[in-house]
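Basis for what follows: all heavy atoms, side chains included, without hydrogens, waters or symmetry-related copies.
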Amino acid sequence: MSSFEDKNNSSQNQVSSDFEAWVGILYSCISADNQITDAEKASLSRLLHSKQKFIGIDIAPLYAKSFNLRTELGQLKYISACCELVEDEDKETLFALALEVLLADGILEKEEKNVIEILSNRLKIDAEMTSKIIEVIFLKNKGNIKGI
């Protein structure tokens with residue numbers, strides 16, 4: 001195998017835990033517009049720390065790894081890699097949280113639509129459940145002020 005093939009094979013498995021997958025997916029959602037504000041980072045930290053799953057988990061190194069892998073692999077390939085490691089019982093919850101992050105301003109941009117489609121497909125969430133989750137998140141965020 002050539003070194004090029006080795007590099008490609010190793011980059012496909014660089015997400016190594018469920019925690020990394022959660023942070024990677026949500027980090028990719030806040031960075032879908034290629035801008036990450038301190039408020040978005042703080043909001044994401046609060047969101048993760050509100051989950052029992054993340055009690056005692058240091059999120060800072062997970063952010064750093066997410067930033068590096070997203071840059072290296074590209075957003076959509078990185079999201080796909082993350083989705084492979086999400087536990088089945090968490091998929092719908094994580095999808096809803098990702099939508100919450102993506103639609104916080106109540107507006108769905110083109111890149112955000114792509115991310116939603118990739119997430120739904122890679123997490124294997126059926127179309128009916130995807131529609132329900134999107135509808136609820138849109139209703140929840142209707143009238144939000146952009147940038148908050």
request  = Under the side chain to side chain contact (heavy atoms under 4.5 Å, CB included) rule, what do L26 and L94 come out as? Steps first, then yes or no, please.
outcome  = CA-CA 8 Å; L26 296 173; L94 184 55; 3.9 Å; yes
task = Apply side chain to side chain donor-acceptor pair (under 3.5 Å) to S66 and Y78, showing your working.
result = CA-CA 9 Å; S66 291; Y78 177 52; 3.1 Å; yes
message = Less than 4.5 Å apart, side chain to side chain, heavy atoms only: is that true for R122 and V86?
response = no
query = About how many Å separate NE2 of H49 and CG of L44, when rounded to the nearest 0.5 Å?
reply = 9.0 Å
task = Find out whether K53 and D18 are in side-chain contact, i.e. whether some heavy atom of one side chain is under 4.5 Å from a heavy atom of the other.
result = yes
query = Is the number of heavy atoms from other residues, nucleotides or ligands under 6.0 Å of E89 CD greater than 12?
reply = yes
query = Between the main-chain N or O of S31 and the side-chain N or O of R70, is there a donor-acceptor pair closer than 3.5 Å?
reply = yes
query = Hey, what's the ring geometry for Y27 with Y63, parallel, tilted or perpendicular (30° and 60° as the breaks)?
reply = tilted
note = Tightest non-hydrogen contact, residues C82 and A21, listed as O-CB, 3.2 Å
message = For S45 versus I59, what's the shortest heavy-atom pair and its separation?
response = O-CD1, 4.5 Å
inquiry  = Would you say that W22 contacts L85 through its side chain, given a criterion of any heavy-atom pair below 4.5 Å between the two side chains?
reply    = no
note = Separation between CD1 (I25) and NZ (K91), nearest 0.5 Å, reads 9.5 Å
remark   = C29 and L102 have their tightest heavy-atom pair at O-CD2, 3.6 Å
task = Identify the two heavy atoms, one from Q14 and one from L69, that lie closest to each other, and give their separation to 0.1 Å.
result = OE1-CD2, 2.8 Å
message = To the nearest 0.5 Å, what is the distance between CD1 on I133 and CD on E128?
response = 11.0 Å
query = Side chains of L48 and L62: closer than 4.5 Å at any heavy-atom pair?
reply = no
request  = Determine whether V115 and V136 fall in the same hydrophobic cluster, where Ile, Leu, Val, Met, Phe, Trp and Tyr are linked whenever their side-chain heavy atoms lie under 4.5 Å apart.
outcome  = no
query = If every non-hydrogen atom of S80 is compared with every non-hydrogen atom of I118, which pair is closest and at what distance?
reply = OG-CG2, 4.0 Å
message = Grouping I, L, V, M, F, W and Y whenever their side-chain heavy atoms are under 4.5 Å apart, do L97 and M129 come out in a common cluster?
response = yes
task = Take K140 and E100 through the test side chain to side chain contact (heavy atoms under 4.5 Å, CB included) and record every step on the way to the result.
result = CA-CA 9 Å; K140 183 180 176 295; E100 180 75 23; 2.8 Å; yes
ask   = Name the one of L119, L73, L123, V15 that satisfies side chain to side chain contact (heavy atoms under 4.5 Å, CB included) with I79?
value = L119
query = Is it true that a side-chain atom of S120 and a backbone atom of I116 form a donor plus acceptor pair closer than 3.5 Å?
reply = no
query = With the threshold set at 4.0 Å, does a side-chain nitrogen-carboxylate oxygen contact exist between E117 and K113?
reply = no
ask   = Which atom names give the shortest non-hydrogen contact between S50 and L47, and what distance separates them?
value = OG-O, 2.6 Å
